[in-house]
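For reference, the structure is listed below as structure tokens.
Ligands are counted one by one from 1 in listed order, and the atoms in each one are counted from 1 as well. Below, each value reflects all heavy atoms present in this structure, side chains not excepted, and no hydrogens, waters or symmetry copies. Throughout, numbering of the chain's residues begins at 1 and tracks the sequence.
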Amino acid sequence: MSRTVYVNGAYLPEEEARVSIFDRAFLFADGVYEVTSVIDGKLVDFAGHARRLARSLAELDMPAPCSEDELLAIHRELIRRNGLTEGMIYLQVTRGAADRDFAWSEGMTPTLVLFTQARALIDSPAAERGLKVISLEDLRWGRRDIKTVQLLYPSMAKMQAKARGKDDAWLVEDGFVTEGTSNNAWIVTRDGVLVTRDLSNRILHGITRAAVLRFAREAQMRVEERPFTIDEAKDAAEAFVTAATTFVTPVVEIDDAPVGDGAPGPVARRLRAIYIEESRKAAI
Ligand code: PDD
């Protein structure tokens, strides 16, 4: 069945949706995006995603395509038109179309595209089984805090993981894990401390990461925001990733070595359950 998508003010069947070949996202990856999960037909942490979108746009001197209220209305209308109960809404904002030139001009009209993707998020086989990851050098650009559509290296890293029969890659820079290809990386030390990398330009400031940190602290878990190495992760009791697309998903193997006993651990399971329960309550 064809989806209804949103392009620059119009709701259209996906086959009829068009953007210009001169769009700067196509020519220069000059665009940003957000991914918001939907459970029970409602948006999870929309305010967090809208805030990060505003920040990404500001960092790139791009005008906002519309107000946050209008964005919320478009998200809800797409959920309604597509009968979406569980899955994702992808939003892309680009600087717009202009004749090809590295320099952009002021006053361009942004391109705004949104589309849905139905997917089971709560009953996830990957979360039951746990992910196997490989480590790879982080060869992305230096502003990973901006959620740009420049996703070629993460795609290449994911393909390398698949070619080796694994699920994903954890990226490493200067000896420390930055994050996963499309998620934030976490470990649980043998004495029960949750560790995830501190915020900087080197990682995306995950909305799920922020929520899980909050829930972990509310549950009196000990948390440290600091870099960790692949060796520390291999030696940890547990490892997991967080993202809007995966919530909390255990990592059970790193570079062919089992993490802990090689099965999803209790801390990741508990955090996943708390995250789903709290997100359900707060979804709008
Ligand atoms: N990716 N780090 C990277 C590099 C990401 O691409 C993502 C999300 C995250 C987690 O962020 P959040 O919790 O806000 O989803 C961390 C999205 C889901 C994607 O590209 O599909």
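Using a 4.0 Å cut-off between a side-chain N of Lys or Arg and a carboxylate O of Asp or Glu, Arg80 and Glu77 qualify as a salt bridge. Under the 4.0 Å criterion applied to side-chain N and carboxylate O atoms, Arg270 and Glu238 are not assigned as salt-bridge partners.
The aromatic rings of Tyr11 and Tyr6 sit perpendicular, their planes meeting at an angle over 60°, well past the 30° parallel limit. Relative ring orientation between His75 and Phe46 is described as perpendicular, the plane-to-plane angle rising above 60° on a 0-90° scale split at 30° and 60°.
Sparse packing is recorded around CZ of Arg51, with 12 or fewer heavy atoms of other residues, nucleotides or ligands lying under 6.0 Å away.
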Any protein N/O atoms within less than 3.5 Å of an N/O atom in ligand 1? List the atom names and distances, or say none.
residue: ligand 1; atom: 1 (N); partner: Lys147; partner atom: NZ; Å: 3.3
residue: ligand 1; atom: 1 (N); partner: Ser182; partner atom: O; Å: 3.3
residue: ligand 1; atom: 2 (N); partner: Glu179; partner atom: OE1; Å: 2.6
residue: ligand 1; atom: 13 (O); partner: Ile207; partner atom: N; Å: 3.4
residue: ligand 1; atom: 13 (O); partner: Thr208; partner atom: N; Å: 2.9
residue: ligand 1; atom: 13 (O); partner: Thr208; partner atom: OG1; Å: 2.5
residue: ligand 1; atom: 14 (O); partner: Arg52; partner atom: NH1; Å: 2.8
residue: ligand 1; atom: 14 (O); partner: Arg52; partner atom: NH2; Å: 3.0
residue: ligand 1; atom: 14 (O); partner: Ile207; partner atom: N; Å: 2.8
residue: ligand 1; atom: 15 (O); partner: Ala244; partner atom: N; Å: 2.8
residue: ligand 1; atom: 20 (O); partner: Tyr33; partner atom: OH; Å: 2.5

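Judged as a side chain to side chain donor-acceptor pair (under 3.5 Å), the pairs with a partner in residues 251-261 (not counting sequence neighbours) are, in order, Ser135-Asp255, Lys166-Glu253, Lys166-Asp256.
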